[in-house]
**Q** 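First the structure, which I've put down as structure tokens, then a few questions once you've had a look.
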Amino acid sequence: MRISTKLGLFFTSISAFLYATKHITAAIMVMNVNTATTNYYDGAYESIGIGITIWTVLSFILACGFFIHSLWTLSQKNSTKNSPTDLSS
């Protein structure tokens, strides 16, 4: 497995962890506050802020970049491998 693929998997894992952390944090914040008639989850989710969202999106963009780089280098390697070479000289 290429290093760029491993880095892509790493940053995908980080992104998924941060995304889950935001939801779990909001659920823990309102765990004892919710009643049968009201749900404060949306307010708690918004109160967490945009900081963790920025890091989640940044991590996901990096993961996509590493995956694209891995696929690009693999396709370039295959195209040079399959191209005919001039051995007449």
Side-chain angles (χ1 to χ4, degrees):
M1 188 180 287
R2 306 179 70 80
I3 188 71
S4 56
T5 306
K6 290 179 183 178
L7 285 172
L9 288 172
F10 173 75
F11 282 111
T12 302
S13 301
I14 296 272
S15 178
F17 176 77
L18 290 174
Y19 182 76
T21 300
K22 185 172 183 177
H23 287 277
I24 290 171
T25 302
I28 290 172
M29 284 174 61
V30 296
M31 184 171 52
N32 294 324
V33 178
N34 286 337
T35 63
T37 58
T38 59
N39 186 0
Y40 297 107
Y41 178 79
D42 292 333
Y45 186 76
E46 290 176 8
S47 72
I48 293 171
I50 196 160
I52 197 166
T53 305
I54 290 172
W55 289 109
T56 303
V57 170
L58 182 66
S59 176
F60 185 71
I61 290 171
L62 281 171
C64 290
F66 280 117
F67 281 134
I68 290 170
H69 178 263
S70 177
L71 291 174
W72 179 263
T73 55
L74 185 63
S75 69
Q76 292 297 320
K77 185 177 179 181
N78 286 340
S79 67
T80 58
K81 186 178 182 181
N82 294 334
S83 65
T85 57
D86 185 20
L87 298 176
S88 62
S89 47

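Everything quoted here is computed from the prediction, not taken from an experiment.
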**Q** Decide yes or no for T5 and F67: does some side-chain heavy atom of the first lie under 4.5 Å from some side-chain heavy atom of the second?
**A** yes

**Q** Hydrophobic cluster membership, with links at side-chain heavy-atom distances under 4.5 Å among I/L/V/M/F/W/Y: are I61 and I52 in one?
**A**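 Looking at the clustering, I52 is in a separate group from I61.
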
**Q** I want to check something: taking the side chain as every heavy atom from C-beta on, are H69 and L7 in contact at a cut-off of under 4.5 Å?
**A**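 Counting from C-beta outward, H69 and L7 never come under 4.5 Å.
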
**Q** Donor-acceptor check, side chain of S59 to backbone of W55, threshold 3.5 angstrom: yes or no?
**A** no

**Q** Minimum heavy-atom separation for S47 and M29, please, with both atom names.
**A**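 It is OG-CE, 3.3 Å.
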
**Q** Are there more than 12 heavy atoms of other residues, nucleotides or ligands under 6.0 Å from atom CZ of F60?
**A**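 No, CZ of F60 has 12 or fewer neighbouring heavy atoms, counting only those of other groups under 6.0 Å.
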
**Q** Under 3.5 Å, sequence neighbours excluded: what are the donor-acceptor pairs made by side chains of residues 10-19?
**A**
unit_1	atom_1	unit_2	atom_2	d
T12	OG1	G8	O	2.7
S13	OG	L9	O	2.9
S15	OG	T56	O	3.3
Y19	OH	H23	NE2	3.4

